[in-house]
Amino acid sequence: MSFLTQYGWNPFFENNYSAHTLSESVGRICTVFGQRYQIITASGYLEGEVSGSLLNSKEAWDLPKVGDWVVFIATGDMGYIIDVLPRQNELSRKSPGRSMEKQVLATNIDQAWILQGLDRDFNLMRLQRYLYQICSLDISPLVILTKCDLVSNPEHYLEQVIQLGYTCPVILTSIQTGQGLEELRKLYLNVGKTYVLLGSSGVGKSSLLNTLMGTEIQLAGSVSTANSKGRHTTTTRNLILLPNGSLMLDTPGMREFGVTVDQETAAGLQHPQLEELALHCHFHDCTHQDEPGCAVREAIHTGELPLLVYQSYLKLTKESQRFNLSADERRRRNKLAGRLSREASMYRKRDKY
Ligand SMILES: Nc1nc2c(ncn2[C@@H]2O[C@H](COP(=O)(O)OP(=O)(O)OP(=O)(O)O)[C@@H](O)[C@H]2O)c(=O)[nH]1
Ligand SMILES: [Zn+2]
């Protein structure tokens with residue numbers, strides 16, 4: 001396997017790279033520290049900087065992020081990043097209406113592992129919220145129910161998640177007993193694929209990552225970098241190559257990747273059965289709330305669709321609508337503020353005060 005493939009290179013990136021010339025190289029961003037980047041390249045790690053023209057031509061969210069494939073020109077021990085290849089997807093939050101505020105936490109993710117602990121963390125509504133968010137970002141999810149050693153009937157929890165009817169896989173794990181870890185390694189961690197761990201604080205993300213990495217690799221995850229005063233500081237790499245050849249993305253911001261509905265579009269359904277049922281509603285734009293001939297509500301009555309799925313759908317839709325309403329309101333206020341300020345400066349000029 002070539003170096004590039006080992007770090008997640010695939011035909012998608014290949015097609016987008018062909019436009020560049022051979023004098024340029026390609027690598028993947030492992031760490032971002034301020035304006036400096038660490039790039040993994042065919043000849044090892046390289047420190048990188050964004051070229052002036054790239055900096056001037058891109059919005060903040062388009063500049064390199066952990067997980068990005070970048071094109072660079074190597075000069076000495078520095079790489080000048082001249083382009084960021086199109087992304088397969090991005091783990092981002094988007095503020096309403098103001099794309100300026102989009103924040104990209106990581107990019108090019110093959111699977112997001114959504115962790116919930118079988119201690120007090122277990123919550124099906126929150127889980128659905130994560131699923132909704134991840135699916136909306138076009139990232140494939142895997143649900144991991146951690147700390148299954150803490151309850152006497154973990155299968156009962158597993159069953160509750162399966163009953164919701166999402167198509168993603170669900171597994172039980174424990175770092176205490178080792179349950180599920182082999183399954184994770186063998187079935188879900190694929191060579192050259194990139195993963196992220198999401199979930200509330202204390203759910204067991206670090207514990208799982210450490211277990212998958214093993215101590216040897218964990219040490220290799222830290223790098224020493226010289227700062228401007230020549231002092232060495234230790235930075236943790238945010239793209240980690242696991243012993244089995246898969247990649248784990250872990251950035252501090254991602255840890256706070258929370259549970260907000262911040263899509264500009266109305267909540268999509270993101271649930272296969274709900275989507276199928278919606279096709280049979282009498283009105284094609286049915287909101288599944290009080291319209292006659294609603295196949296979704298009918299399925300709730302017959303017990304065909306779990307009530308929790310419907311409740312989650314309603315909640316997320318309402319939040320999304322509220323969010324979009326406030327986005328419109330903000331846009332309106334900005335427009336008004338702009339007009340007032342233009343008028344004020346016009347009066348100032350006219351009346352010379
Ligand atoms: N019993 C049990 N405890 C676990 C398991 N996994 C993690 N823990 C414990 O849960 C606590 C929190 O685990 P972490 O791995 O630090 O959680 P985290 O998700 O990384 O937390 P943040 O860094 O705050 O996001 C620690 O005390 C772990 O020892 C498990 O499978 N079983
Ligand atoms: Zn309906």
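Numbers for residues simply follow the sequence, beginning at 1. Both backbone and side-chain heavy atoms feed into the values below; hydrogens, waters and symmetry mates do not. Both counts, for ligands and for their atoms, begin at 1 and track the order of listing.
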Novice: Can a side-chain donor-acceptor contact be found between Thr194 and Asn108 if the only test is distance below 3.5 angstrom?
Specialist: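 No, no side-chain donor-acceptor contact under 3.5 Å.
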Novice: Geometry only, no angles: is Thr146 polar-contacting ligand 1 at N/O separations under 3.5 Å?
Specialist: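 Not met; the criterion fails.
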Novice: Below 2.8 Å, which protein N, O or S atoms neighbour the Zn ion (ligand 2), ignoring water?
Specialist: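 Cys281 SG, Cys286 SG, His288 ND1, Cys294 SG, with waters left out.
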Novice: Is there at least one pair of N or O atoms, one from Gly204 and one from ligand 1, spaced under 3.5 Å apart?
Specialist: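 Between Gly204 and ligand 1, an N or O pair is found under 3.5 Å apart.
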Novice: Run Leu118 and Leu150 through side chain to side chain contact (heavy atoms under 4.5 Å, CB included) and show every step you take.
Specialist: CA-CA 7 Å; Leu118 292 192; Leu150 293 181; 5.8 Å; no
Novice: Would you mind listing which atoms of ligand 1 come within a distance below 4.0 Å of any non-hydrogen atom of Ile175?
Specialist: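 So the atoms of ligand 1 that pass are 5 (C), 6 (N), 7 (C), 30 (C), 31 (O).
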Novice: Within a distance under 4.0 Å of any heavy atom of Lys205, pick out the atoms of ligand 1 and give their elements.
Specialist: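 Answer, ordered by atom number: 15 (O), 17 (O), 18 (P), 19 (O), 20 (O), 25 (O).
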Novice: Below 4.5 Å, heavy atoms only, C-beta onward: do Leu247 and Tyr7 meet side chain to side chain?
Specialist: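 Contact flag for Leu247/Tyr7 side chains = yes.
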Novice: Under 30°, 30 to 60°, or over 60°: which ring-plane class applies to Phe13 and Trp69, parallel, tilted or perpendicular?
Specialist: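 Correct class here is tilted.
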Novice: If you measure only the distance, is there a donor-acceptor pair under 3.5 Å linking the side chains of Thr287 and Glu291?
Specialist: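 Glu291 and Thr287 do have a side-chain donor-acceptor pair below 3.5 Å.
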Novice: Can you sort out which atoms of ligand 1 are near Gln176, meaning under 4.0 Å from one of its heavy atoms?
Specialist: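 Heavy-atom distances to Gln176 below 4.0 Å select 1 (N), 2 (C), 32 (N).
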Novice: With a 4.0 Å cut-off on heavy atoms, is Ser174 in contact with ligand 1?
Specialist: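 Checking ligand 1 against Ser174, which is what was asked, there is a heavy-atom contact under 4.0 Å.
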Novice: Under 3.5 Å, is there a donor-acceptor pair linking the side chains of Arg126 and Ser200?
Specialist: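 Note: Arg126 and Ser200 side chains meet the donor-acceptor criterion.
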Novice: Got a sec, which pairs hit ring-ring contact (aromatic ring centres under 6.0 Å, His included) with one end in residues 166-194, sequence neighbours left out?
Specialist: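 Pairs touching residues 166-194 that pass the test: Tyr166-His271.
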